[in-house]
Amino acid sequence: MAKERPEKAEETEQMIEKEVGKEVAEAGGGAGDGKDMRAVLLSGFGGLNKLRVARKAMPEPQEGEMKIRVKACGLNFIDLMVRQGNIDNPPKTPLVPGFELSGIVEALGENVTGFEIGDRVMAFTNYSAWAEVACMPAEFVYKIPDDMSFSEAASFPMNFVTAYMMLFEVANLREGMSVLVHSAGGGVGQAVAQLCSTVPNVRVFGTASSFKHEAIKNSLTHLFDRNADYVQEVKRISPDGVDIVLDCLCGENTGKGIGLLKPLGTYILYGSSNMVTGETKSFFSFAKSWWQVEKVNPIKLYEENKVMAGFSLLNLLFKQGRAEVIRGVVDKLLTLYIQKKIKPLVDSLWALEEVKEAMQRIHDRGNIGKLILDVEKAPTPLMANDSTETSEAGEEEEDHEGDTDNKERMPFIQ
């Protein structure tokens, strides 16, 4: 990955400071008076230099909203794509990124019922999660069990709800079925593996970078290297293929996944991480990924009795108004958590000021489980040096066309 130019980073910081200063002034607040807060700001779409922590006017809850003192925030691959502007209809910048958080209820807007100040909660947000304080409609907020840590709670909503919806609501997972999941070492991949273990005799096939295999091998039935010919490996073990394919990669994997389905099997696309290769948006990668997707013939699906589906949790919540459906799923998942049948896997904790390094770790596919921004964590003193080394490693590895197995990885911070 190419290094960032210092003059561009400085220009970005000046622009953000100007914008934030205007916001705080308009809100009547200033540093240290309790009316502003620390937040991660994305000044524009592009590389890591578009991110920095600055002070911002603290929001107050409107009618139907809750104000949460944030303790931890989840970091997902979609956040990386948002930073690059690699999504449909990207929002206007500057903005505070992030879609999930955990914390303590600090204030309630009018007509909010069922919650009290001091409740420990987790929540979905339509951006604005990576800050000390966030406000969101009460319909997206859920109380958490007493023994669930804030880091676990921030790992829970996106990963486990996505995994549950795909397995049980879309694909109708039942006893004796088989599942193939890509990026098995990531947050969703591990949530899929745990949920599959709650159903008898389900076989889980997974792909992941080889350095993750030792850590996750016990969570799956069969595990393959992400660069291997997994189609042949799956067919060697299960000649008829699998019942469910969960694909977050897209590109050439779409055709491979549909080809691996048994009759009455379901292929679900829930991401397109193959479009992300460099630090900034690549039109070449987008075109390559689009070109590699085989044109799906509905007549062929009909003849072979196969199902092709897609799933976007954020669209379901914020564009299609299915908050009540998601609340029912969260209730079921929390019951499984209380029964100790599932447990979020946290890869590492990072300070807000370390967001660039955390995002680099996701870009390098170095995480096993979920990366968490811990709002109260102090930055690691040597992080600046580690960041430089990681950037140099990324620049060198970009010549290897996505081979991440030998990339230098940030140390776990737990």
Test salt bridge (charged side-chain N to carboxylate O under 4.0 Å, His left out) applied to K377 and E354, step by step = CA-CA 10 Å; K377 182 181 182 299; E354 296 165 344; 3.6 Å; yes
Should the heavy atoms of other residues, nucleotides or ligands under 6.0 Å from CD of E116 be counted, would the total exceed 12?
-> no
Is it possible for you to check whether R120 lies under 6.0 Å from the centre of the six-membered ring of F150, through NZ or CZ, and within 45° of that ring's axis?
-> yes
Measure across S238 and F205 and return the closest heavy-atom pair with its distance rounded to 0.1 Å.
-> CB-CZ, 4.2 Å
If you measure only the distance, is there a donor-acceptor pair under 3.5 Å linking the side chains of E100 and T125?
-> no
For the side chain of T221 and the backbone of V204, is there at least one donor-acceptor N/O pair under 3.5 Å apart?
-> yes
Backbone N/O of E139 and side chain of R327: donor-acceptor pair under 3.5 Å | yes
Answer with yes or no after comparing the ring centroid distance for F318 and F124 against a 6.0 Å cut-off, counting only values under it.
-> no
Which word best sums up how the rings of Y164 and F168 line up, parallel for under 30°, tilted for 30 to 60°, or perpendicular for over 60°?
-> tilted
Can you tell me if E169 uses its side chain to pair, donor with acceptor, with the backbone of M166 under 3.5 Å?
-> no
Report yes if the side chains of L260 and Y230 come closer than 4.5 Å at any heavy-atom pair, otherwise no.
-> yes
Donor-acceptor pair, side chain of E65 and main chain of Q62, under 3.5 angstrom | yes
How many angstroms lie between CG in L314 and CG in N126, if you round to the nearest 0.5 Å?
-> 7.5 Å
Examine the side chains of N76 and K370 and answer whether a donor and an acceptor come within less than 3.5 Å of each other.
-> yes
For L41 and A54, which heavy atoms make the closest approach, and how far apart are they?
-> CD1-CB, 4.1 Å
Any side-chain heavy-atom pair from I268 and V245 closer than 4.5 angstrom?
-> no
Side chain proximity check, V346 to L349, heavy atoms < 4.5 angstrom | yes
Between N111 and E63, do the side chains contain an N or O donor and an N or O acceptor separated by less than 3.5 Å?
-> yes
Does the distance from a Lys or Arg side-chain N to an Asp or Glu carboxylate O, for K71 and D374, drop under 4.0 Å?
-> no
Quick one: closest heavy-atom pair of L195 and A163, and the distance?
-> CD1-CB, 3.7 Å
Tell me whether the centres of the aromatic rings in H363 and F77 are closer together than 6.0 Å.
-> no
Heavy atoms from other residues, nucleotides or ligands near CG of D146 exceed 12 (cutoff 6.0 Å) = no
Between the main-chain N or O of F156 and the side-chain N or O of N159, is there a donor-acceptor pair closer than 3.5 Å?
-> no
Determine yes or no for a side-chain-to-main-chain donor-acceptor pair under 3.5 angstrom, with S149 supplying the side chain and E152 the backbone.
-> yes
Pairwise side-chain contact, M37 with V133, heavy-atom cut-off 4.5 Å (strictly under) | yes
Pairwise side-chain contact, M58 with K35, heavy-atom cut-off 4.5 Å (strictly under) = no
T254 (side chain) donor-acceptor with C250 (main chain) under 3.5 angstrom | no
Please examine the side chains of T266 and D243, heavy atoms only from C-beta on, and report whether any two atoms are closer than 4.5 Å.
-> no
Looking just at side-chain N and O atoms, do S219 and Q194 make a donor-acceptor pair shorter than 3.5 Å?
-> no
Find the distance between CZ (R365) and CZ (F211) and round it off to the nearest 0.5 Å.
-> 10.5 Å
Taking the side chain as C-beta and beyond, is there a heavy-atom pair between E132 and V70 under 4.5 Å?
-> no
Flag this pair as yes if the NZ/CZ of K143 is under 6.0 angstrom from the six-membered ring centre of F115 and inside a 45 degree cone about the axis; otherwise no.
-> yes
Gap between atom OG of S102 and atom CE of M122 - 0.5 Å precision | 9.5 Å
May I ask you to test the M177-V242 pair for a side-chain heavy-atom distance under 4.5 Å?
-> no
Minimum heavy-atom distance P145-Y337, with the two atoms named | CG-CD2, 4.0 Å
Between D225 and S210, is there a donor-acceptor pair closer than 3.5 Å when you use the side chain of the first and the backbone of the second?
-> yes
Residue pair Y267 / D247, side-chain donor-acceptor N/O under 3.5 Å | yes
Check whether any side-chain N or O of H213 sits under 3.5 Å from a backbone N or O of A208 as a donor-acceptor pair, and report yes or no.
-> yes
Nearest heavy-atom approach of R174 to V202 is O-CG2, 3.8 Å
Side-chain donor or acceptor of Q190 paired with backbone N/O of A184 under 3.5 Å = yes
Which value, rounded to the nearest 0.5 Å, describes the distance between K262 atom NZ and S178 atom OG?
-> 4.0 Å
Rounded to the nearest 0.5 Å, what's the gap from CZ on F224 to OG1 on T207? Could you check?
-> 9.0 Å
Do you know which two heavy atoms are closest between P61 and K67, and how far apart they sit?
-> CD-CB, 3.8 Å
Roughly how far, to the nearest 0.5 Å, is CZ of F45 from CG of N86?
-> 10.5 Å
